[in-house]
Amino acid sequence: MNIRKITAAVLSLTLSFTMLTACGSSKESDKKSSSSSSKSGSQSTDSQSGEEEKADVSTTHTNDPMTVTSAKDLVAQMKVGWNLGNTMDATSGEGREGVEAETSWQPSGAKTDEFMIKQIKDAGFNVLRVPVSWGTHMDDDYTVDKEWMDRVQEIVNYGIDNDMFVILNTHHEEWYMPDGSDMEQDLEELEALWTQIAERFKGYDEHLIFEGLNEPRLRGTPSEWTGTGEARDIVNQYAKKFVETVRATGGNNADRCLMVTGYAASSSSTNLQYIEIPEDSDKIIVSVHAYLPYSFALDTKGTDVYDPDDGSIEQLFEMIQAYFLDRDIPVIIGEFGSVNKDNTEDRIQCVTDYLTIAKEYGVPCIWWDNGVRVGDGENFGIYNRAEYDWYFPTIVEAIMDVVNS
């Protein structure tokens, strides 16, 4: 996602209160007291109950009781989700290294805390996707920096401890490239990385889902987003190695639901048909990314007018039904949304239609929120992390109107 500096515009407390009340948030008096302690208070809450947690976060959730369930039944419990985008998946920028990379792609510099995730949950989102880049935090032996692993686990706990489903993945990785010359080393590194992640999190219950890869593709080539037969085959081998690696760690991972993705997480018919389910079980979920209609939702130089007769959203879910749902393989739209083009009413209509159709098919969707609201890039931000508020409360209201109807 392209990142641009922004000037955050703060919404009025009255508008924020109206929206948050409609979405089931706490009363204004609670919000004021919580907000006043947001950067100090929510972090001081971390320091009071969290100093100990931060010191030994690896000892949390080491043996949670696991309710073994099929992926289909698990996905049926999901309503709608929110991506903590351009955060733990940031790979460079602003000279921030190590755990400081968390804020390097965030214009406000706001660091993720538990109060923020509680607001997401209180608004009605019950799925938190945590994209994470690991490659820039591994040494030459593929060992993940402990401080980075601890910070990822803290954020996962923010969701789990707020009774959310949490999806943890590998994101913006530059080390995997699905071509024949790189495949063996990619599989070696993939196994090393997912062994460490799976070991750290194997005590978590069924609310934690692992997603092996994010948009694996031939970066920088003419086939980057379309793919080739060889590349699709290699992505399927990545998925198989991911699943085998997680299962081998035992504990709750033996029955954990796992998400696999096809080439580039593409929603094209060709790439969807090529996805191979890597194990014979009922614990696999397919992840698809779909910003539709493309010209409206993702193309920053495209139209700012939503066409309800476009048909691409309906076509997507018809393919998902034919390729997966009819085989009892559940699907999650891991990323969707529409960029801000000063066209809020059109975005409301688009998200209403999108989620209405998705709900008919039983497919939960996760909004991509990169924290950016204005500028000439991909402005998907709907939550104001600096002010603990919503940039577009009416969009959130529209989302909840559909999923709660």
Side-chain angles (χ1 to χ4, degrees), residues 1-2 83 85 88-92 129-138 140-142 144 167-198 209-248 258-279 284-291 294 298 316 319-320 323-324 329 331-335 366 368:
M1 297 292 171
N2 296 325
N83 273 280
M88 302 307 287
D89 52 320
T91 56
S92 64
R129 184 168 179 258
V130 183
V132 179
S133 292
W134 303 88
T136 52
H137 302 277
M138 292 192 291
D140 292 340
D141 296 322
Y142 309 142
V144 177
I167 298 170
L168 178 62
N169 81 347
T170 65
H171 206 96
H172 288 148
E173 303 290 7
E174 297 295 324
W175 52 266
Y176 50 70
M177 183 78 163
D179 63 32
S181 61
D182 289 354
M183 184 183 70
E184 291 304 322
Q185 183 172 339
D186 288 352
L187 292 173
E188 178 184 329
E189 188 162 354
L190 189 70
E191 181 177 11
L193 173 57
W194 271 110
T195 297
Q196 294 172 80
I197 299 171
I209 299 108
F210 297 150
E211 180 182 21
L213 300 101
N214 175 79
E215 299 181 357
R217 62 191 189 275
L218 296 166
R219 298 180 307 277
T221 74
S223 302
E224 179 167 6
W225 294 107
T226 57
T228 65
E230 179 191 48
R232 297 183 195 103
D233 286 336
I234 292 173
V235 169
N236 284 330
Q237 293 186 56
Y238 288 163
K240 189 173 187 295
K241 175 62 71 175
F242 156 65
V243 172
E244 290 174 347
T245 300
V246 171
R247 297 292 185 232
L258 305 176
M259 288 175 67
V260 299
T261 180
Y263 183 88
S266 169
S267 61
S268 76
S269 177
T270 300
N271 287 318
L272 289 176
Q273 291 183 75
Y274 239 93
I275 295 175
E276 295 179 359
I277 303 305
E279 71 175 7
I284 300 297
I285 305 164
V286 170
S287 175
V288 178
H289 297 176
Y291 298 91
Y294 172 77
L298 184 58
L316 167 67
M319 289 191 295
I320 287 174
Y323 300 148
F324 305 111
I329 300 168
V331 174
I332 292 174
I333 303 298
E335 293 181 16
I366 307 176
W368 176 259

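Since the structure is predicted, the reported quantities are computational estimates derived from the model, not experimental observations.
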What pairs of donor and acceptor atoms, side-chain ones from residues 229-237 against any protein atom, are under 3.5 angstrom apart with sequence neighbours left out?
| residue | atom | partner | partner atom | Å |
| --- | --- | --- | --- | --- |
| Arg232 | NE | Asn271 | OD1 | 2.6 |
| Arg232 | NH2 | Thr226 | O | 3.0 |
| Asn236 | OD1 | Glu276 | N | 3.1 |
| Asn236 | ND2 | Arg232 | O | 3.4 |
| Asn236 | ND2 | Tyr274 | O | 2.9 |

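- Pairing each heavy atom of Val288 with each of Leu316, the nearest pair is CG1-CD1, 4.5 Å.
- Of all non-hydrogen atoms in Pro216 and Pro178, the two that sit nearest each other are C-CG, 4.4 Å.
- Legend: residues meeting side-chain hydrogen bond (donor to acceptor under 3.5 Å, both in side chains) with Thr228, ordered by chain and number and at least two apart, are absent.
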Discussion item. Under the criterion side chain to side chain contact (heavy atoms under 4.5 Å, CB included), I'd like the reasoning laid out for Thr170 against Val132: C-alpha separation, chi angles, the key distance, then a yes or no.
Written reply: CA-CA 5 Å; Thr170 65; Val132 179; over 6 Å; no
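- No side-chain heavy atom of Thr261 sits less than 4.5 Å from a side-chain heavy atom of Glu215.
- Counting all heavy atoms, side chain and backbone alike, Ser223 lies closest to Leu218 at CB-CD1, 4.3 Å.
- Taking all atoms of both residues into account, the shortest heavy-atom contact from Ile275 to Gly262 is CG1-CA, 3.5 Å.
- Within the 4.5 Å cutoff, the side chain of Val286 has no heavy atoms near those of the Tyr323 side chain.
- For Asn214, the side-chain hydrogen bond (donor to acceptor under 3.5 Å, both in side chains) criterion is met by Arg129, His171, not counting sequence neighbours.
- With sequence neighbours left out, the ring pair (Phe, Tyr, Trp, His ring centres under 6.0 Å) criterion links Tyr263 to no other residue.
- Leu213 places none of its side-chain heavy atoms less than 4.5 Å from the side chain of Asn169.
- The shortest side-chain heavy-atom distance between Met259 and Val331 does not fall under the 4.5 Å cut-off.
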Item to complete: Show your reasoning for whether side chain to side chain contact (heavy atoms under 4.5 Å, CB included) applies to Tyr176 and Gln185.
Response: CA-CA 9 Å; Tyr176 50 70; Gln185 183 172 339; over 6 Å; no
Practice prompt. Any chance you could lay out the side chain to side chain contact (heavy atoms under 4.5 Å, CB included) test for Ile285 and Val260, step after step, and finish with the verdict?
Written response: CA-CA 6 Å; Ile285 305 164; Val260 299; over 6 Å; no
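- Taking CH2 from Trp175 and CE from Met138, the interatomic distance works out to 5.5 Å, rounded to the nearest 0.5 Å.
- A side-chain donor-acceptor contact under 3.5 Å links Gln196 to the backbone of Tyr142.
- Considering only heavy atoms from C-beta on, Leu258 stays 4.5 Å or farther from Ile209 through its side chain.
- Remark: Ser287 engages Glu211 in a side-chain hydrogen bond (donor to acceptor under 3.5 Å, both in side chains) (not counting sequence neighbours).
- In this view, Asp141 and Asp139, Thr143 satisfy the side-chain contact (heavy atoms from CB on, under 4.5 Å) rule, not counting sequence neighbours.
- Under a 3.5 Å cut-off, the side chain of Glu279 and the backbone N or O of Glu244 do not form any donor-acceptor pair.
- Rounding to the nearest 0.5 Å places CD1 of Ile333 at 11.0 Å from OH of Tyr291.
- Applying the side-chain hydrogen bond (donor to acceptor under 3.5 Å, both in side chains) test to Glu174 and every residue at least two apart in sequence or in another chain returns Arg219.
- Sorted by first and then second residue, the salt bridge (Lys or Arg N to Asp or Glu O under 4.0 Å) pairs involving residues 176-195 (not counting sequence neighbours) are Glu191-Lys241.
- Residues satisfying the ring pair (Phe, Tyr, Trp, His ring centres under 6.0 Å) criterion with His289, sequence neighbours excluded, are absent altogether.
- Listed for the His172 side chain is a donor-acceptor partner under 3.5 Å among the backbone atoms of Asp89.
- We find the CD1-CD1 distance between Ile332 and Ile366 to be 5.5 Å, quoted to the nearest 0.5 Å.
- Counted by atom type alone, Thr270 and Ser268 present zero donor-acceptor pairs between their side chains at under 3.5 Å.
- In terms of modelled atom types and a separation under 3.5 Å, the side chain of Glu173 and the main chain of Trp134 share a donor-acceptor contact.
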Item to complete: Kindly indicate, with the supporting measurements, whether the criterion side chain to side chain contact (heavy atoms under 4.5 Å, CB included) is fulfilled by Leu190 and Thr245.
Response: CA-CA 9 Å; Leu190 189 70; Thr245 300; over 6 Å; no
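- With sequence neighbours excluded, the residues that form a salt bridge (Lys or Arg N to Asp or Glu O under 4.0 Å) with Glu224 are Arg217.
- Looking at residues two or more places apart in sequence or on another chain, you find a side-chain contact (heavy atoms from CB on, under 4.5 Å) between Ala90 and Ser104, Trp105.
- Shortest non-hydrogen contact noted between Gly334 and Asn83 is O-ND2, 3.0 Å.
- Between Pro131 and Trp368, some side-chain heavy-atom pair lies under the 4.5 Å cut-off.
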